[in-house]
Amino acid sequence: MCGITGYIGYREAYPIIINGLKRLEYRGYDSAGVMLYDGKEIQLSKTKGKVSDLEEITNKEPERKKGNIGIGHTRWATHGVPNNVNSHPHISKSGNLVIVHNGIIENYDTLRKELISRGYTFKSDTDSEVLINLIEEVKTQENCKLGQAVQLALNNVIGAYSITVFDKTKPNELVVARLGSPIAIGVGENNKEFFIASDASPFIEYTKDAIYLEDEELAIIKIDKGIKVRKIKDDSMVDTHIQKLKLSLDQIEKGGYDHFMLKEIHEQPKAIIDTYRGRMLPNEGIIRMSGIDNHINKFLNAERIIIVACGTSWHAGLVGEYLIEDKARIPVEVEYASEFRYRNPIITSKDVVIAISQSGETADTLAAIKLAKSKGAFVFGICNVVGSSIARETHAGAYTHAGPEIGVASTKAFTTQITVLALISLKLASKKGEISKSELRTFMQEMQLIPKKIESLLKVDNKVKEIAAVYKEATNCLYLGRGFNFPVALEGALKLKEISYIHAEGYPAAEMKHGPIALIDENMPIFVIATRKGHYEKVVSNIQEIKSRSGKIIAIVTEGDTQVKEIADHVIEIPETVEALTPLLTTIPFQLLSYHIAVMLDKNVDQPRNLAKSVTVE
Ligand code: G6P
């Protein structure tokens with residue numbers, strides 16, 4: 001949540017910061033701001049709205065763009081509504097210190113009252129303005145340098161943050177710190193310039209050398225002198241480790257597509273191949289996953305597996321439950337991380353916890369991991385973002401290798417997470433002797449056919465578009481599926497809600513009778529997954545029940561189906577595959593459908609209202 005950028009060096013900082021903010025807008029986009037220092041004055045520009053709205057302001061007054069040092073912010077509001085005043089950067093009482101902040105200062109109210117009693121006044125409702133004034137107060141009281149003041153102030157803060165702070169009286173440095181929210185520092189050649197950002201995408205064209213701060217670390221960045229990192233708590237120095245970034249520019253650009261979401265839907269065949277590449281050896285009947293191989297006894301002795309995740313990743317976790325129980329015969333529970341972390345769950349060292357997260361930064365999932373670890377459980381992560389907090393916090397894990405996912409509505413993350421979960425289920429099944437070599441081989445061969453099948457399925461786009469045009473004005477929709485496809489129904493409904501703002505519910509098809517059936521009338525579109533393998537006859541009965549109540553039926557069926565075709569208003573055919581892998585196919589038409597409806601309704605597909613890609617606050 002919230003994106004931070006910063007630059008200090010010899011180039012004009014403005015374009016670097018603004019373009020960087022555009023790349024970080026997936027993190028939040030209800031307001032944006034930038035501070036530039038031109039050697040004399042601080043230029044602060046900020047506004048409610050998107051980075052493009054900010055540009056309109058700065059374009060009118062070019063002097064706002066001058067300077068070789070600056071910081072920028074794109075916001076997802078926590079404290080204080082999105083408006084111009086609450087937008088970042090925030091400036092201290094003296095007008096010398098400026099901050100951009102991602103995270104939440106939980107004890108901000110106490111700190112604010114204390115500062116008010118010392119004569120501070122506040123313009124905004126934000127916790128961030130409290131923090132910059134706290135830093136100023138400490139700096140004044142202790143008569144110390146900025147780095148030390150930030151450090152002392154942060155030791156009085158409860159909450160999460162990544163921050164960048166500028167001091168007009170020492171304009172050759174920036175101070176950066178993190179606890180719970182990510183921050184990367186791009187290092188230019190010969191320490192002549194530095195880039196700061198919530199992820200590396202804003203500076204990828206300038207440098208491939210990056211330092212990722214760890215929690216409770218603070219960096220003082222000075223031109224020519226480089227970076228010094230220390231621990232916030234005990235002031236000890238930290239040896240910095242420069243990572244070589246593998247990210248490329250084309251991975252974070254739209255590549256000819258109108259939206260990132262559409263690009264990412266189309267990337268799924270390749271993303272799935274990248275996920276299983278090197279991990280499946282069908283001829284040898286082996287699945288290779290070092291994160292599991294190195295800890296195989298933890299899995300084999302596990303009394304149960306608990307999957308924790310949020311949002312779409314939670315839906316993938318549900319597919320994982322069906323896969324692991326069906327193939328490996330290990331009991332699985334799937335938990336919303338936000339519930340798990342606060343409900344005093346029973347966890348023991350006999351449990352294996354699998355945390356799933358595209359971003360690897362979701363605050364609730366991270367907290368659930370810490371809780372599970374504190375109770376002695378072995379924690380395995382499934383993340384997309386390499387080096388993310390969750391990837392680092394877990395004992396072992398597997399990356400999905402889907403490449404950057406920028407559209408807020410998750411697509412390729414979902415299918416690649418399911419791919420990893422399928423591999424895990426097969427790996428454990430084979431280690432436990434629950435699956436024969438030949439069954440394993442057949443399953444892997446089926447998996448290898450999935451990318452081609454998705455490619456052919458993507459050609460139903462025009463048909464999906466026609467269906468989208470018919471139902472785009474719907475106010476309520478129902479998504480039904482059974483077995484492996486029940487989570488796909490949930491995910492289909494979530495996609496529609498997220499980007500079209502149409503109310504939709506996902507249900508296990510048979511549960512429809514226990515409530516949602518009351519909603520059905522001739523205006524209600526009901527999307528049903530009725531693939532041949534997977535309780536087909538039962539789903540057909542559910543479809544009949546809908547038909548008798550005049551609901552509109554849009555069914556996803558297996559190629560060659562005749563029975564459902566006769567009853568449904570529309571059908572979309574998917575290629576045949578083994579039942580456990582059908583979610584990888586059935587989800588595609590739902591992704592396309594919500595995409596087209598959102599486009600037709602003129603919604604902001606990649607940046608839907610109120611949402612953010614990376615939810616780093618609880
Ligand atoms: C947000 C995103 C969702 C995502 C969820 C979990 O709500 O908008 O697309 O599924 O967070 O994110 P994670 O990065 O942990 O998978």
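Whatever order the structure lists them in is the order used to number ligands and atoms, beginning at 1.
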Number the atoms of ligand 1 from 1 as they appear, then name those within less than 4.0 Å of a heavy atom of [X], with their elements.
X	answer
S313	10 (O), 13 (P), 16 (O)
V615	1 (C), 7 (O), 11 (O)
V408	8 (O), 9 (O)
T312	10 (O)
S357	13 (P), 14 (O), 15 (O), 16 (O)

Exercise for the section: Indicate whether the side chain of S359 and that of N384 have a donor and an acceptor atom separated by less than 3.5 Å. Expected result: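 Absent: no donor and acceptor within the cut-off.
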
**Prompt:** Does a salt bridge link E205 with R23, judged by any charged N lying under 4.0 Å from a carboxylate O?
**Reply:**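 Yes, charged N to carboxylate O under 4.0 Å.
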
Notebook entry, point to check: For K50, does the NZ atom have more than 12 heavy-atom neighbours from other residues, nucleotides or ligands under 6.0 Å away?
Noted result: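 More than 12 within 6.0 Å, yes.
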
For Y479 and F590, take the angle between the two ring planes, folded into 0 to 90°, and tell me which bin it lands in: parallel under 30, tilted 30 to 60, perpendicular over 60. perpendicular

For the pair H401 and Y399, name the ring-plane relationship: parallel under 30°, tilted 30 to 60°, perpendicular over 60°. tilted

_Using a plain distance cutoff, I'd like to know if T365 has any nitrogen or oxygen under 3.5 Å from a nitrogen or oxygen of ligand 1._
no

>> Any nitrogen or oxygen of Q358 lying under 3.5 Å from a nitrogen or oxygen in ligand 1? Just yes or no.
In response: yes

Pick, from H315, E361, E498, K495, the option with the minimum heavy-atom distance to atom 3 (C) of ligand 1.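 Residue with the shortest heavy-atom distance to the ligand atom: E498.
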
Determine, considering heavy atoms only, which of I356, V385, T362 sits nearest to atom 12 (O) of ligand 1.
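That would be T362.
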
Below 4.5 Å, heavy atoms only, C-beta onward: do W76 and S31 meet side chain to side chain? no

For this session: Report yes or no: does a heavy atom of A612 sit under 4.0 Å from some atom of ligand 1?
Result: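 Contact present.
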
Checking R277 against D274 for the salt bridge (charged side-chain N to carboxylate O under 4.0 Å, His left out) test, could you report, in this order, the C-alpha distance in whole Å, the side-chain angles of both residues, the deciding distance, and whether it holds? CA-CA 5 Å; R277 180 180 288 119; D274 289 344; 2.5 Å; yes

Inset, instruction - Would you kindly check if the NZ (Lys) or CZ (Arg) of R609 is within the cone defined by 45 degrees around the ring axis of Y501 and under 6.0 Å from the six-membered ring centre? - result: yes

Closest non-hydrogen protein atom to atom 6 (C) of ligand 1, residue and atom name please, with distance?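 Sorting protein heavy atoms by distance from atom 6 (C) of ligand 1 puts C310 O, 3.4 Å first.
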
